[in-house]
Amino acid sequence: MSTYYVDKFLYTIDRDPKWVQRYKDDPAGTIEAWEQEVGRWLNDAEETTVLSFTDAERAALAAHDYVWLFEHGAHFFLNLTLFIALYDEEYTREQGPLSFQREFGRKLSHWLGKEYPSVGL
Amino acid sequence: MAQLTAVLASTHHPFYYKATTSPLEERPPFAAEWRRKVEAYRETLTAARPDVLVMVGADHFHQFFLDNYPQFLIGRAERYDATFYNEEREFGLPKYVLDGDVELSRYLHEGLLDRDFDFSFSHELKLDHSIICPIITVRPEADLPVVPIYTNIFAPPLPSPKRFWQVGRAIREVIDAYPSDLRVAAIGTGHLSLELGGPRQFGEHGPDPEFDRNAIEWLATGNIDAILENVTHESMAGAGNATHGFMDLLLMMGIAGDGVQADYVDELDLFHTREMYMTWYPNGAPA
């Protein structure tokens with residue numbers, strides 16, 4: 001697991017409207033581009049060489065699989081906020097306000113009454 | 001010496017702004033009552049006639065991330081931008097630029113260091129909704145200088161509940177010692193029981209009404225012993241995965257005093273979470 005890198009992905013995508021749109025339109029392609037342009041970037045002269053995704057993380061991000069991400073310790077706030085950005089508008093239009101947020105909760109209902117996976121790294 | 005004229009502790013709800021400013025036909029059915037409660041709460045600050053606001057909140061992964069996350073941080077800037085793109089996108093919050101009070105920032109920071117509270121600091125701090133929500137609710141004119149203080153309620157490992165209380169007590173000592181004629185108000189926001197990105201989110205009520213009842217009672221009566229006996233990181237997680245924001249309310253109780261009853265307590269049961277509005281007047285109720 002490289003949960004830090006997954007959180008970094010969610011964090012840096014969510015804070016930039018261009019990356020939000022790219023990740024919505026082309027998840028797999030965006031992961032590759034992000035690793036080149038953002039994931040390794042520290043400043044124009046420096047880069048991070050020690051971080052990478054596992055195959056399972058890459059697959060979950062490519063599938064917008066927020067349930068898997070929750071279950072593997074992605075930070076709950078980053079996981080929620082980014083997927084709201086991707087899906088809230090169309091869910092609201094088709095099924096009413098907060099319908100995406102409620103579906104998100106329902107898909108995690110098997111965790112009710114259990115200790116959640118830690119978001120601590 | 002400076003006078004601490006009011007201490008406010010409340011939940012912050014980023015949906016308030018949109019719920020109460022959108023066209024009438026788009027507002028949720030509880031918007032009018034919500035607005036009445038917030039405006040009544042605002043009066044508790046207005047009556048205290050503050051000159052400067054010490055504001056306690058928590059950055060929600062807006063400026064700070066896991067590469068470098070402060071446990072406690074104070075802003076020392078002359079001005080602060082506020083509201084990030086993703087808060088405009090999700091909550092419709094407006095952007096602000098707030099004036100800082102560099103002199104009080106410096107005095108508070110050094111006073112805390114002198115008392116062994118080793119705060120991080122920032123000279124370029126963009127504020128998020130934990131500080132802008134209370135500006136919108138209790139000081140919508142946004143006309144007073146601020147000293148922002150951020151805590152870590154979000155990125156484990158977190159400081160203990162006891163430490164939040166101690167930080168509040170220390171902030172109070174430093175404000176009381178500040179050689180100035182300023183009237184200072186301290187405003188902090190956090191959460192009661194809250195779930196974000198988990199199975200209990202966005203329910204008809206907050207995830208743990210019993211925790212909420214107890215928490216309001218403990219805060220309103222200044223009962224630090226009951227809090228330290230009952231509230232741990234684990235018990236807060238049991239009440240909802242984002243309940244740790246309660247510790248910012250505890251910090252505010254520490255600023256208010258030791259065993260001090262609140263002067264104003266109100267609440268509102270909403271979907272997703274319960275709202276709480278609490279005020280102490282440490283130097284007597286305003287005339």
Side-chain angles (χ1 to χ4, degrees), chain A residues 3-21 42 48 51 66-67 69-71 73-86 88-89 92 96-121, chain B residues 14-15 18-19 22 26-29 58-69 84-92 126 128-130 152-158 191 194-204 207 233-245 270-272:
Chain A
T3 313
Y4 171 80
Y5 209 41
V6 171
D7 281 342
K8 183 175 179 179
F9 180 86
L10 300 173
Y11 167 69
T12 52
I13 296 283
D14 184 61
R15 69 209 312 258
D16 183 332
K18 293 188 298 295
W19 281 102
V20 170
Q21 192 60 48
L42 286 175
T48 288
L51 298 171
Y66 54 80
V67 172
L69 294 169
F70 174 90
E71 293 182 339
H75 196 284
F76 54 84
F77 187 84
L78 298 168
N79 196 34
L80 176 64
T81 304
L82 177 56
F83 287 102
I84 284 177
L86 298 184
D88 180 55
E89 200 175 315
T92 296
L98 300 177
S99 54
F100 174 70
Q101 289 85 334
R102 290 189 169 121
E103 180 176 297
F104 190 122
R106 276 196 303 279
K107 286 188 175 175
L108 291 167
S109 59
H110 51 288
W111 284 96
L112 283 169
K114 297 181 189 162
E115 189 177 338
Y116 301 168
S118 172
V119 299
L121 300 178
Chain B
F15 290 154
K18 202 190 268 184
S22 53
E26 290 173 22
R27 294 184 191 181
D59 180 77
H60 299 67
F61 289 133
H62 285 120
Q63 177 156 339
F64 297 104
F65 184 61
L66 301 168
D67 58 333
N68 190 357
Y69 204 94
F84 288 77
Y85 140 74
N86 50 9
E87 297 174 298
E88 292 184 280
R89 180 190 73 207
E90 187 173 350
F91 309 127
K126 183 162 181 172
D128 86 353
H129 69 266
S130 65
N152 177 13
I153 54 148
F154 219 53
L158 310 178
H191 303 293
L194 180 65
E195 178 101 340
L196 295 171
R200 292 171 288 178
Q201 67 179 359
F202 292 95
E204 292 304 309
H233 294 152
E234 293 72 27
S235 75
M236 285 185 280
N241 65 352
T243 303
H244 304 83
L270 286 181
F271 76 98
H272 190 46

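In what follows, chains carry the letters A, B, and so on, assigned in the order in which the sequence lines appear, proteins first and then strands, with residues in each chain numbered from 1.
For B:A242, the parts lying near chain A are the backbone and the side chain together; criterion is any non-hydrogen pair under 4.5 Å. Contacts between A:F104 and chain B at a heavy-atom distance below 4.5 Å involve backbone atoms as well as side-chain atoms. For a residue to count as touching a neighbouring chain, one of its non-hydrogen atoms must lie under 4.5 Å from one of that chain's; by this rule A:D16 touches chain B with the backbone only. Only the side chain of B:F271 comes within less than 4.5 Å of a heavy atom of chain A; its backbone N, CA, C and O stay farther away. For a residue to count as touching a neighbouring chain, one of its non-hydrogen atoms must lie under 4.5 Å from one of that chain's; by this rule A:K8 touches chain B with backbone and side chain alike. Proximity to chain B involves both the backbone and the side chain of A:T81, based on heavy atoms less than 4.5 angstrom apart. With a 4.5 angstrom heavy-atom cutoff, B:E195 touches chain A only via side-chain atoms. In this structure, the portion of A:F70 lying under 4.5 Å from any heavy atom of chain B is its side chain and not its backbone. With a 4.5 angstrom heavy-atom cutoff, A:D7 touches chain B via backbone and side-chain atoms both.
A donor-acceptor distance shorter than 3.5 angstrom exists from the side chain of B:H244 to the backbone of B:H233, with no hydrogens or angles considered.
Residues meeting the side chain to side chain contact (heavy atoms under 4.5 Å, CB included) test with B:Y85, sequence neighbours left out: A:P17, A:V20, B:R89.
The distance from atom CG of A:L10 to atom CG of A:L80, rounded to the nearest 0.5 Å, is 11.0 Å.
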